[in-house]
Q: 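The structure under discussion is supplied below as structure tokens; questions concerning it will follow.
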Amino acid sequence: MFRRLLALGAVPLLPILAPLPVNAQVPVSHCIAIAQSTPGAEYVQLASFRDPVPEYTVRISYLTHSAFLIQSPGGVGAVTDYPGYIGTADYLPDVVTMNHAHSSHFTAFPDPAIPHVLPGWSEDFGQPVNHMLEVGDMLIRNVSTDIRSRMGGVEENGNSIFIFEVGGLCIGHLGHLHHEPNDQQYAAIGRLDVVMVPVDGGLTLDTPTMARVVERMKASIVLPMHWFSGASLGYFLDRLSGAFAIELREENALEVSLRDLPDRPTIMVLRPEALRDPD
């Protein structure tokens, strides 16, 4: 039944972080290798991206393609797979992450006023990039994965899965994932409460493999992204409809807290919408 969904439109160098001082305290992840059960309750509220985020809550807005805005109670905003344009609103995120498998997932000319630009690849071809950045009440880190190169080969460590630890939640964005993570990568990712998943059915991973990745990650909320037609999204939903509840939403955003995660793992289909201020 989900194959009949109408397509929801999807739109289609870098500053280097300064090394930490020798005596600097390295941020500690609470999501790595932690498995916890969490109670469920109400978890979704409608809100504008301009509204303050309630305490112990995270707002996630689906902007376009693979770009989400993640906002913390402390006012930190991070945009995933930042393509350079996120709407007409006068808004500057504190952090942007990027992947370079395709041009719709990064920009070579990010606004220089953005404080933190995190590429998912290294300037040393084939080498992993390592991010562990604490901005206000948000910790951002990455796990490197490989991507297919344009010549048919493999670019090792060319993509990053980014994890955002905020409000007690572990939020993962799979980027342009081209292979199932190995055991070491799954362990480095750790617990995920929310995960953004590309469901194009082939440009990243085929649907059966992506479904297997999602099932193993055991996130409470799955947010599909990177789909170009109702067909690819429908195949993904059909594949997982037995194990996950499915919610088709008209809005592009949700607010979620650790204490309010759903009892049953749920796929929430958000409608992408670029940032704009009310008329």
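None of these values were measured; they are calculated from a predicted model.
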Q: Are I221 and V53 co-members of a hydrophobic cluster defined by side-chain heavy atoms under 4.5 Å apart?
A: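 Each belongs to a different hydrophobic cluster.
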
Q: Quick one: do L177 and V154 end up in the same hydrophobic cluster if we chain Ile, Leu, Val, Met, Phe, Trp and Tyr together by side-chain heavy atoms under 4.5 Å apart?
A: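 Shared cluster, no.
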
Q: In Å and rounded to the nearest 0.5 Å, what is the CD1 to CD1 distance from I171 to I163?
A: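 One finds 11.0 Å between CD1 of I171 and CD1 of I163.
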
Q: Give, for atom CD1 of I140 and atom CD of E165, the distance between the pair rounded to the nearest 0.5 Å.
A: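 These two atoms lie 9.5 Å from each other.
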
Q: By side chain to side chain contact (heavy atoms under 4.5 Å, CB included), which residues pair with A245, not counting sequence neighbours?
A: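 Result, side chain to side chain contact (heavy atoms under 4.5 Å, CB included) vs A245: R264, T266.
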
Q: Let me check something: do L233 and L240 share a hydrophobic cluster, defined by ILVMFWY side-chain heavy atoms less than 4.5 Å apart, either directly or through other members?
A: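 Looking at the clustering, L240 is in the same group as L233.
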
Q: How long is the span from the CG atom in L192 to the NZ atom in K218, to the nearest 0.5 Å?
A: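 Answer rounded to 0.5 Å: 12.5 Å.
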
Q: About how many Å separate CD1 of I189 and CE of M217, when rounded to the nearest 0.5 Å?
A: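 It is 4.0 Å, given to the nearest 0.5 Å.
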
Q: Specify whether F49 and Y91 have parallel, tilted or perpendicular ring planes, treating 30° as the upper limit for parallel and 60° as the lower limit for perpendicular.
A: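 Because their plane-to-plane angle is over 60°, the rings of F49 and Y91 count as perpendicular.
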
Q: Would you indicate whether D90, at its atom CG, is surrounded by more than 12 heavy atoms from other residues, nucleotides or ligands within a distance under 6.0 Å?
A: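 Atom CG in D90 is not crowded, with 12 or fewer foreign heavy atoms closer than 6.0 Å.
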
Q: Answer whether the closest heavy-atom distance between the side chains of H131 and H116 falls below 4.5 Å.
A: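 A side-chain contact is absent here, since even the closest heavy-atom pair is not under 4.5 Å.
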
Q: Minimum heavy-atom separation for P224 and I267, please, with both atom names.
A: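 Closest approach of P224 to I267: CG-CG2, 3.6 Å.
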
Q: Can you tell which of V79, L63, L223 makes a side chain to side chain contact (heavy atoms under 4.5 Å, CB included) with F68?
A: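 For F68, the side chain to side chain contact (heavy atoms under 4.5 Å, CB included) check succeeds only for L223.
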
Q: Taking all non-hydrogen atoms of both residues into account, name the closest pair between S160 and S144 and its distance.
A: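 So the minimum-distance heavy-atom pair works out to OG-OG, 4.0 Å.
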
Q: With sequence neighbours excluded, what pairs up with Y56 under the ring pair (Phe, Tyr, Trp, His ring centres under 6.0 Å) test?
A: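 Residues passing ring pair (Phe, Tyr, Trp, His ring centres under 6.0 Å) with Y56: none at all.
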
Q: Just how far is it from atom OG1 of T145 to atom CD of E180, taken to the nearest 0.5 Å?
A: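 Taking OG1 in T145 and CD in E180, the distance rounds to 12.0 Å.
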
Q: Counting N and O atoms only, with roles assigned by atom type, does the side chain of T209 sit under 3.5 Å from a partner on the main chain of H179, one being a donor and the other an acceptor?
A: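 No; judged by distance alone, with no hydrogens or angles, the pair does not exist.
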
Q: Do D183 and R216 meet the salt-bridge criterion of a basic N to acidic O distance under 4.0 Å?
A: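 Yes, this pair counts.
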
Q: Side chains of S220 and D193 only: does a donor on one sit below 3.5 Å from an acceptor on the other?
A: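 No, because no side-chain N or O of S220 sits under 3.5 Å from a partner of the opposite role on D193.
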
Q: Look up atom CD in E255 and atom CD in Q71, then write down how far apart they are to the nearest 0.5 Å.
A: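 These two atoms lie 8.5 Å from each other.
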
Q: At their closest point, which heavy atom of N157 faces which heavy atom of D146, and how far apart are they?
A: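 Closest approach of N157 to D146, heavy atoms only: N-OD1, 2.8 Å.
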
Q: Which heavy atom of L205 sits nearest a heavy atom of M210, and at what distance?
A: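 Where L205 meets M210 most closely, the heavy atoms are CB-CE, 3.6 Å.
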
Q: Closest approach of A219 and P265, non-hydrogen atoms and distance?
A: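 Looking at all heavy atoms of both residues, the shortest contact is O-CB, 3.9 Å.
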
Q: Any idea which heavy atoms bring V76 and G136 closest together, and the distance?
A: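 So the minimum-distance heavy-atom pair works out to CG2-CA, 4.1 Å.
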
Q: Identify, with sequence neighbours excluded, every residue that meets side chain to side chain contact (heavy atoms under 4.5 Å, CB included) alongside S122.
A: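 Scan of S122 (side chain to side chain contact (heavy atoms under 4.5 Å, CB included), adjacent residues dropped) gives D124, Q127, V129.
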
Q: Who are the side-chain hydrogen bond (donor to acceptor under 3.5 Å, both in side chains) partners of D137, not counting sequence neighbours?
A: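 For D137 the side-chain hydrogen bond (donor to acceptor under 3.5 Å, both in side chains) partners, ignoring immediate neighbours, are S72.
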
Q: Would L92 end up clustered with M98 when hydrophobic side chains under 4.5 Å apart are linked, directly or stepwise?
A: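 Same cluster: L92 reaches M98 through Ile, Leu, Val, Met, Phe, Trp or Tyr contacts under 4.5 Å.
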
Q: Residues in side-chain hydrogen bond (donor to acceptor under 3.5 Å, both in side chains) with D94, at least two apart?
A: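 Once residues adjacent in sequence are excluded, D94 has no partner under the side-chain hydrogen bond (donor to acceptor under 3.5 Å, both in side chains) criterion.
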
Q: Pick from D200, V214, V269: which one makes a side chain to side chain contact (heavy atoms under 4.5 Å, CB included) with F236?
A: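 Going through the options one by one, the only one that passes is V214.
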
Q: Looking at R249 and L254, would you say the former's side chain and the latter's main chain have a donor-acceptor pair under 3.5 Å?
A: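 No; judged by distance alone, with no hydrogens or angles, the pair does not exist.
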
Q: Could I get the full list of side-chain hydrogen bond (donor to acceptor under 3.5 Å, both in side chains) partners for D111, not counting sequence neighbours?
A: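 For D111, no residue satisfies side-chain hydrogen bond (donor to acceptor under 3.5 Å, both in side chains) once neighbours in sequence are set aside.
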
